[in-house]
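Ligands are counted one by one from 1 in listed order, and the atoms in each one are counted from 1 as well. Small disclaimer: the values here were computed from a predicted structure and weren't measured.
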Amino acid sequence: MEAHIERFFEIWSEAGLPPCYLVGGYPRNTLLGLAGTDLDLTSPAPPQALCALPAPELVLEERAFGLGTVVVKQRFRDALYVYEYTAFRCDNYGRGGAHTPETVRFTDDIREDALRRDFTVNALYMDADGGITDPTGRGLQAVKDKTIEQVTPQTLTQDALRILRMVRFAAELGFAVEPGTWECARAHVRGLADISKERIRDEFVKILMADTKYGNKEGVLCGLHMLKELGAFSYIVPALTEGDGMGQNTQYHAYDVMEHSLRTCACAPPDLVTRLAALLHDLGKPPVFRETGKMYGHDRAGAALAGAALRELRFDRETVDEVCALVGAHMFDLDNRAKRKAVVRMIVKLGEGQFLRLADVREADFCGSGMGAPALSAGKWRETLRELREKDAPLSLRQLAVNGDDVMRELHIPPGKRVGEILFALHAYALKKPSQNSYKNLIRYAKIINTRGNE
Ligand code: ATP
Ligand code: MG
């Protein structure tokens with residue numbers, strides 16, 4: 001146990017409060033030899049009791065005080081540690097499927113507190129000496145068997161978000177879901193319709209990044225397959241399910257559109273925007289094919305559908321815009337015949353970071369098709385970008401040695417369209433000849449263009 005936690009327990013016991021426990025991720029991961037989880041504390045003492053702890057190094061912040069939760073910040077050897085403390089409690093759920101407890105009642109019975117938790121592996125309690133209490137009697141065995149098992153038969157019906165938490169823990173930890181729990185999840189997946197989009201989004205993001213938590217390489221694909229088998233995508237990204245069973249040209253594809261999308265996502269590197277773009281890149285295929293009998297234009301249609309799906313999940317604007325741009329561009333140079341000039345134009349259009357993501361999406365797209373063909377275009381693109389960087393080429397207008405003000409002043413022209421046209425021409429020129437990207441050279445060139453009056 002880390003020194004700061006030992007110190008916290010010391011302060012706790014000096015205050016004469018009933019025993020305090022670490023619960024949830026910390027004991028579970030300690031038993032599994034895994035690191036990297038937040039610190040959840042619990043005891044029968046109400047959160048008010050923490051205010052009376054005799055230690056200046058502790059600072060409390062209210063959080064859902066009525067539900068017994070408070071955030072504790074501890075200063076220890078020049079570092080700050082954060083714990084979330086929640087008093088033992090039982091949650092009462094109404095019959096309306098509200099998925100949040102109607103009332104909570106505080107208790108001093110650890111068994112009651114354990115019964116309101118989601119999975120038996122998350123209902124283990126570690127005391128100050130590192131001893132483990134397993135009130136459900138099934139948590140330690142579940143850790144040994146590497147299984148996610150609900151605490152009671154009502155667990156998943158009371159709060160359907162737990163269905164996504166189940167998938168997330170299984171994906172992160174590489175655990176199997178206990179069969180009874182799985183059946184319950186399947187039977188009650190409709191409950192996800194009552195869960196707020198923000199809560200759904202937060203769990204979904206964790207599933208998309210499941211491999212980064214503890215290094216379980218198969219995590220993302222396993223998680224996505226579980227969501228598919230449960231029928232959960234209808235409540236997360238419904239448009240994705242339209243590709244289920246939609247066959248594709250077998251010359252290029254081993255899977256139907258939906259399966260290809262899931263595999264493309266799992267093949268993508270661990271960057272949320274790239275993974276979202278990979279998952280959603282073919283959203284346009286089903287509707288475009290239905291309408292035209294062809295796939296032409298599915299990239300543009302897909303960008304619009306991806307935007308709608310992400311906005312529905314309340315993703316921030318920057319994420320939505322970045323993902324849409326990638327989905328819209330995902331067919332660029334598919335046959336690897338684009339000339340250098342077209343590649344340079346794409347780099348300028350997307351910006352370097354997004355362009356590198358597009359290369360990742362292209363590789364993931366090939367990987368997710370299951371045909372084993374290499375994505376040669378992506379390698380070519382990266383090489384083009386590398387060369388441009390080496391020559392210090394101005395990849396964005398900001399890197400150009402002159403700006404609009406310079407052009408207006410030196411050429412004696414008023415603000416307006418012409419300034420933009422000249423800057424655009426200067427940019428194209430400097431990209432082609434990076435050595436000419438100096439104030440003097442560009443202004444000279446600008447004067448030539450301006451007298452010519454076109455270009
Ligand atoms: P990690 O922090 O590694 O993601 P964790 O198990 O600590 O995993 P938290 O979300 O931090 O998960 O929650 C702490 C504990 O609180 C859980 O282990 C579980 O016992 C309980 N818990 C959290 N959310 C729920 C929920 N929706 N329903 C039931 N119990 C929950
Ligand atoms: Mg936790």
Side-chain angles (χ1 to χ4, degrees), residues 5 20-43 63-64 67-72 81-93 97-102 104 107 110-126 132-136 138-140 142-143 147-175 181 184-185 188 191-192 194-196 198-216 219 223:
I5 307 177
C20 184
Y21 303 89
L22 282 155
V23 67
Y26 190 90
R28 181 195 69 220
N29 285 6
T30 304
L31 291 168
L32 290 166
L34 297 172
T37 171
D38 48 11
L39 297 162
D40 303 299
L41 292 164
T42 187
S43 95
R63 157 110 51 97
L67 295 176
T69 298
V70 67
V71 173
V72 185
Y81 299 92
V82 181
Y83 314 87
E84 191 164 295
Y85 175 85
T86 304
F88 282 2
R89 59 169 220 237
C90 330
D91 299 341
N92 289 309
Y93 288 84
H99 303 273
T100 44
E102 229 165 43
V104 302
T107 173
I110 198 169
R111 280 167 308 179
E112 280 194 306
D113 185 72
L115 289 179
R116 67 117 182 140
R117 296 189 179 271
D118 46 9
F119 307 108
T120 54
V121 290
N122 288 346
L124 293 167
Y125 298 70
M126 184 186 276
I132 297 279
T133 303
D134 179 11
T136 69
R138 294 175 287 138
L140 284 169
V143 168
T147 49
I148 304 294
E149 175 197 29
Q150 62 184 345
V151 171
T152 76
Q154 289 78 42
T155 299
L156 299 180
T157 51
Q158 286 170 338
D159 178 1
L161 184 78
R162 293 169 182 163
I163 296 173
L164 299 186
R165 284 176 61 88
M166 171 193 94
V167 171
R168 196 247 294 181
F169 286 119
E172 286 176 347
L173 295 162
F175 279 26
T181 305
C184 254
H188 296 287
L192 284 172
D194 305 325
I195 304 293
S196 82
E198 289 83 352
R199 289 180 85 200
I200 289 187
R201 177 201 58 213
D202 289 349
E203 283 303 322
F204 185 49
V205 164
K206 288 181 188 170
I207 294 169
L208 291 178
M209 304 300 284
D211 55 335
T212 62
K213 184 96 183 205
Y214 309 116
N216 176 26

Taking every heavy atom of Asn216 against every heavy atom of Ala171, the minimum-distance pair comes out as ND2-O, 2.7 Å
Nearest heavy-atom approach of Ser43 to Tyr85 is OG-OH, 2.7 Å
Heavy-atom gap [X] to ligand 1 smaller than 4.0 Å:
X: Asp38; answer: yes
X: Phe119; answer: no
X: Tyr214; answer: yes

Of the protein's non-hydrogen atoms, which lies at the shortest distance from [atom], and what is that distance?
atom: atom 6 (O) of ligand 1; result: Arg28 NH1, 2.9 Å
atom: atom 21 (C) of ligand 1; result: Arg117 NH1, 3.5 Å
atom: atom 27 (N) of ligand 1; result: Asp159 OD2, 3.3 Å
atom: atom 30 (N) of ligand 1; result: Asp118 N, 3.3 Å
atom: atom 4 (O) of ligand 1; result: Arg168 NH1, 2.8 Å

To the Mg ion (ligand 2), the closest N, O or S atom belonging to Asp40 is OD2
The Mg ion (ligand 2) has as its nearest N, O or S atom from Asp38 the atom OD1
Is any side-chain heavy atom of Asn29 less than 4.5 Å from a side-chain heavy atom of Leu31? no
- Query: Within a strict 4.5 Å, meaning less than it, do heavy atoms of the Val121 and Ile148 side chains meet?
  - Reply: yes
Could you tell me whether some N/O pair between Thr37 and ligand 1 is separated by less than 3.5 angstrom? yes
Is there a polar contact between ligand 1 and Ala123, counting only N or O atoms under 3.5 Å apart? no
Contacting atoms of ligand 1, where contact means under 4.0 angstrom from a heavy atom of [X]:
X: Asp40; value: 7 (O), 11 (O), 14 (C)
X: Arg116; value: 29 (C), 30 (N)
X: Gly25; value: 5 (P), 6 (O), 7 (O)

Notebook entry, point to check: Is a side-chain donor-acceptor pair under 3.5 Å present for Thr86 with Thr69?
Noted result: yes
Paired with Asp159, the side chain to side chain donor-acceptor pair (under 3.5 Å) test is passed by just one of Arg199, Arg165, Gln154, namely Arg199
- Query: Between Phe88 and Tyr21, how do the two ring planes meet: parallel, tilted or perpendicular, split at 30° and 60°?
  - Reply: parallel
If only atom types and distance count, is the side chain of Thr147 paired as donor or acceptor with the main-chain N or O of Glu149 below 3.5 Å?
no
Exercise for the section: Examine distances only and state if a side-chain atom of Asp134 and a backbone atom of Leu140 form a donor-acceptor pair shorter than 3.5 Å. Expected result: yes
Nearest non-hydrogen contact to atom 9 (P) of ligand 1 from the set Glu84, Lys206, Arg165 belongs to Arg165
Min over Glu203, Glu172, Arg162 of heavy-atom distance to atom 28 (N) of ligand 1 lands on Arg162
